[in-house]
Amino acid sequence: MIDYEKVLSPVATGLKPSGIRKFFDLLDSMHDVVGLTVGQPDFVTPWHIREAAIESLQAGKTYYTSNAGIPQLREEIAKYLDRRFDLKYSGDEVLVTVGGSEAIDLAIRACVTPGDEVIIPTPCFVCYEPIVRLAGGIPVILETRYEDKFKVNPEMLKKAITQKTKMIVLAYPNNPTGAIMTKEELEDIAALVRDTNIVILSDEIYAELTFGRRHVSIATLPDMRERTIIASGFSKAYAMTGWRMGYIAAPCEIFAQILKIHQYCIMCAPTTSQFAAIEAVKNGDEDIERMKEEYDRRRRYLLKNFADMGIECFEPEGAFYAYPNIGKFGLSSEEFCQRLLNEKRCAIVPGTAFGDDGEGFARISYAYSIKHIDQALERIEAFIKTL
Amino acid sequence: MDKLLQLLDENATYTTKQLSAMLDMTEDDIKSAIAKYEREGVILAYKTIIDWDKTDREFVNAIIEVKITPKHDFGFDKVAEKLSNYPEVRSLYLMSGVYDLAVIIEGRTIRDIAYFVTHKLSILEDVQSCSTHFVLRTYKDKGITYGPAVKDERGNCL
Ligand SMILES: Cc1ncc(COP(=O)(O)O)c(C=O)c1O
């Protein structure tokens, strides 16, 4: 009999299965659950974008594109980054990827070698740590705090930086907290890395979804462009999760290495999706505004209701999540969410799915209609009354 | 556009409480803004969009193109006013182009509509001609696409 212990990579077997998977499987098997769990827009991709994909198929565009993506798309992304965020890249420094997910993977693998440390502020999206481990790197978890509004605290970051630090992950606007970082706050981070060989991996997938002020990319600060890799994508801003469209923008020295990995592993991002992306990035600004306005209303509605229910919640300024503090109810985050599901048929994600420091919190997605949010809130309110 | 109107246009069932949270206005401000709109006739009514084809209700809709004889010192408004009084007239528009009034009418049967055309509409003095088109199926109305209810099939992907 084959001995799988000998077959499988200990790095792979050593990866933590995403704890939340079990919770989601249970959720999927239950009926009548009102959930606020999904991390993707409830909008359908705008029709003109879908139509562009359909037209490309009708025209028989079913080939591979060049490795880095359709040149027109790369040019358009570069123009878009300049128009929306004042980021200066040429089309030659933009690589089209399979979602922001591949962009993150490529950025980490292009830089991290065994023994390198990667500082990962938590709570955060789940993929950075496992990818760092797969590259042989050492994830260094930097917990962010409620009292810092879940921003990276420069003092704490300074202490976390060592001789071995290769990369710092910055993921703002943040999933799951909805925190953002302002230009001034980013400047404090930039000051710590400016004279080093540390690279910033800036995951800006929620850049378009900020409420009140525009997102600022750390790459726009002096001397930061040369040490920043931007990972972003179409999933959140254009409601295009299923298309698997993302991109990397990076200075050409880094870009060249990233392109090789992409070329050998993926060849090219899906062609039909690339044609949709051209339409999105050229003519989608208004769609973004429309959806953002809707998210903002829901955000306000959620916050108002939390306040009325006596649930403490830091005000999220980006993405489409709220991250209320549920610690005072005397249950662990997992117990709270498990019991809420069992007893009231309402699902939210325990903060611990996003890092150990998520204890005491839960992530609530507001990528749902107000009516749906209302139903969920009623159940949450009924539940906390029983505690 | 006024945000409050925009929201009510999207969903007339929003409560004052929901509107107040979404728009960052007090509930009292919402109430008085709505009252003002109602008073001024900006907000005329609150209705529900129902796909009657999914019920056992029998009905038939038709669009009637009406040409009016042009006359001195006589507007289309008079004919329109008269037609508006009929409850079976669901919508009524003055049109540019080859005809003048578009009448959208609802009846229980085709016969009801035929009766309206022959006994009410075509006998009006100023009506020159009318041409009736029956609606076979509604695909979209008032910005809402008709069809099966949409299920939330988004995966929990993390
Ligand atoms: C912070 C963050 N980065 C990246 C991604 C990956 O998104 P995609 O691969 O769909 O572009 C997600 C998805 O949830 C996310 O929340």
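Nothing here was measured: the structure is a model prediction, and the numbers come from that model.
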Trace of the side-chain contact (heavy atoms from CB on, under 4.5 Å) decision for A/Arg299 with B/Met22:
CA-CA 8 Å; A/Arg299 180 182 73 104; B/Met22 286 189 280; over 6 Å; no
Given that the side chain runs from C-beta out, which part of [X] has a heavy atom under 4.5 Å from chain B: side chain, backbone, both or neither?
X	result
A/Phe24	side chain
A/Val126	side chain
A/Asp296	neither
A/Asp28	side chain
A/Asp374	side chain
A/Ala347	neither
A/Leu27	side chain

Does [X], at its [atom1] atom, have more than 12 non-hydrogen atoms belonging to other residues, nucleotides or ligands within less than 6.0 Å?
X	atom1	answer
B/Arg108	CZ	no
B/Glu125	CD	no
B/Arg111	CZ	no
A/Asp356	CG	no
A/Glu334	CD	no
B/Lys54	NZ	yes

Provide the closest heavy-atom pair for A/Gln40 versus B/Arg154 in the form atom of the first, atom of the second, distance.
O-NH1, 2.9 Å
Can you name the closest pair of heavy atoms from B/Asn156 and A/Arg21 and give their distance?
O-NH1, 3.0 Å
Side chain proximity check, [X] to [Y], heavy atoms < 4.5 angstrom:
X	Y	result
B/Asp152	A/Tyr368	yes
A/Glu294	B/Leu7	no
A/Asn305	B/Gln18	no

When rounded to the nearest 0.5 angstrom, what is the spacing between OG in B/Ser20 and CZ in A/Arg300?
11.0 Å
Distance col, row A/Arg297:CZ vs B/Leu23:CG, nearest 0.5 angstrom, shows 7.5 Å
